[in-house]
Amino acid sequence: MRVATWNVNSVGARLPRLLGWLQEAAPDVVCLQETKCAADAFPAEQVAELGYATAAHGTSRWNGVALLSRVGLEDVRRGLDDEPGFPDPEARAVGATCGGVRLWSVYVPNGREPGHPHYAYKLAWLEALRATLAAELGPRPLAVLGDFNVAPTDADVWDAAAFAQSTHVTPPEREALGRLRALGLGDVVPRPGKGPHPFTYWDYRAGMFHKDLGMRIDLVYGDGAFTAAVRDAYVDREARKGKGPSDHAPVVVDLALDAPLPDPAAPPA
DNA sequence: ATGTCACAAACTTTGTGA
């Protein structure tokens, strides 16, 4: 099974590229963020022509998430348990069971700057995510994928010194990711598309993509059953190129859910 | 150059958010 996550920065503006990418990459499930699209305005018919069912959660202007699946889409949930708002809850999380795997597509609040009310909202939102996922852990493999707006380590930004006094790298944000890992979730780090860094986001401005001055903020956190099934993970840097791209690249994960897990105690064949 | 986008309101430009 192939699972992907992509912040498309408006599904309306990106629809031709999204449809082309679905055909080219052929994922079984895609987690989308920043769809900027009301649920009833989502281009579900167009993706259905490619075989995907849609679970969308959104409003017209900001935020918005969706799950597209061609391997089933069951037990859909929109929003988190006790989800905080700014001031009202926003469309930042949708979960569903696809092909026997419990998946969440999330768009974590940006935070704007440390000390800003939006930063406190970001931390509260991450705690609500933790609590929601904790209650769902169980026999099914589970993963949460999306734009976390947090770089897990200094190696996940082009220049750690450039981020002094900035969000995305502060200890409280990273500790919030640590509390997700403390649930037993592992960070599925993708292969880079080019160069040494598996960056997933590059600012539109100042030729940042061309200079590979990016960040790894689009993350895949999976439980033990999910991470044990991972056979490959990569950043699709090609999707960031050319005319009219999103500022994020997709992260693609290949799973072998049906294959027997390697037995570490087995002697070499 | 705080350099690019996308969206929507109230217009052909500006505010907001990233």
Side-chain angles (χ1 to χ4, degrees), chain A residues 5-21 31-43 46 56-66 83-94 105-126 129 145-152 156-159 161-170 173 176-177 199-219 235-251:
Chain A
T5 182
W6 192 11
N7 178 324
V8 289
N9 187 16
S10 171
V11 73
R14 217 66 61 212
L15 187 59
R17 287 188 74 121
L18 173 63
L19 296 174
W21 184 80
C31 302
L32 300 176
Q33 302 87 36
E34 283 206 85
T35 55
K36 300 183 177 178
C37 179
D40 60 7
F42 193 94
Q46 287 93 324
H57 182 34
T59 52
S60 65
R61 192 165 187 189
W62 286 310
N63 314 307
V65 287
E83 186 165 6
F86 196 75
D88 300 314
E90 301 173 307
R92 294 183 176 275
V94 61
S105 174
V106 300
Y107 177 49
V108 176
N110 173 286
R112 301 190 188 164
E113 55 188 72
H116 191 284
H118 208 261
Y119 179 80
Y121 169 47
K122 180 180 197 173
L123 296 177
W125 199 92
L126 282 164
L129 176 63
L145 305 89
D147 179 355
F148 281 72
N149 273 314
V150 182
D156 296 313
V157 297
W158 77 89
D159 178 4
F163 282 83
Q165 322 300 328
S166 298
T167 59
H168 294 57
V169 302
T170 66
E173 291 168 277
L177 292 186
F199 293 149
T200 64
Y201 162 81
W202 301 260
D203 197 294
Y204 283 125
R205 293 170 285 193
M208 299 288 271
F209 178 66
H210 186 68
K211 293 182 263 189
D212 199 26
L213 302 181
M215 308 173 72
R216 184 173 75 93
I217 55 177
D218 298 274
L219 307 178
V235 179
D236 190 352
R237 194 173 174 283
E238 297 302 309
R240 181 62 177 78
K241 295 181 178 177
K243 182 175 167 57
S246 170
D247 43 0
H248 295 250
V251 176

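Just so it is clear, the model here is predicted, and its values are computed rather than measured. Throughout, protein chains are lettered first and strands after them, A, B, ... in sequence-line order, and every chain is numbered starting at 1.
A donor atom on one side chain and an acceptor atom on the other are not found under 3.5 Å apart for A/W6 and A/D236.
Using C1' as the reference atom, B/dT14 and B/dA10 are 10 Å apart when rounded to the nearest Å. Going from the C1' atom of B/dA18 to that of B/dT2 covers 13 Å, rounded to whole Å. Only the C1' atoms considered, B/dC7 is 16 Å distant from B/dT12, to the nearest whole Å. Straight-line distance between the P atoms of B/dC11 and B/dT16: roughly 16 Å, to the nearest whole Å.
The separation between A/Q33 atom CD and B/dA6 atom C1' is 17 Å, rounded to whole Å. In this structure, A/E34 atom CD and B/dA6 atom P are separated by 11 Å, rounded to whole Å. As rounded to whole Å, 22 Å separates atom P of B/dG3 from atom CH2 of A/W202. Between the CG atom of A/N7 and the P atom of B/dG17 there is a distance of 17 Å, given to the nearest Å. A straight line from NZ of A/K36 to C1' of B/dT16 spans 10 Å, rounded to a whole angstrom. Remark: C1' of B/dA18 and OH of A/Y204 are 10 Å apart, rounded to the nearest angstrom. Distance, A/K243 NZ to B/dA6 C1': 14 Å, rounded to whole Å. Atom CZ of A/R205 and atom P of B/dA6 are 14 Å apart (whole Å).
Contacts of residues 109-121 of chain A with DNA chain B (heavy atom under 4.0 Å): A/N110, A/R112, A/H118.
Heavy-atom minimum distance, A/H248 versus A/D218: ND1-OD2, 2.8 Å.
Counting only residues at least two apart or on different chains, no salt bridge (Lys or Arg N to Asp or Glu O under 4.0 Å) pair has a member in residues 5-20 of chain A.
Taking OH of A/Y107 as the reference point, atom NE2 of A/H57 lies at 14.0 Å (rounded to 0.5 Å).
Along DNA chain B, the nucleotide nearest to A/A13 and the one nearest to A/N63 differ in position, and the one closer to the 5' end is contacted by A/A13. Sequence order on DNA chain B of the closest nucleotides to A/W62 and A/N9 puts A/N9 first from the 5' end.
Ring pair A/F86/A/H118 is perpendicular by interplanar angle, where above 60° counts as perpendicular and below 30° as parallel.
If you check every strand for non-hydrogen atoms under 4.0 Å, A/Y107 touches sugar and phosphate atoms only. Residue A/S60 is classed as a sugar-phosphate contact, given heavy-atom separations below 4.0 Å to backbone atoms only.
At distances below 3.5 Å, at least one donor-acceptor pair connects side-chain atoms of A/Y204 with backbone N or O atoms of A/P245. Side-chain atoms of A/R240 never come within 3.5 Å of backbone atoms of A/F209 as a donor-acceptor pair (strictly under, hydrogens ignored).
When the side-chain nitrogen and oxygen atoms of A/S10 are compared with OP1 and OP2 of B/dC7, one or more of them lie within a distance under 4.0 Å.
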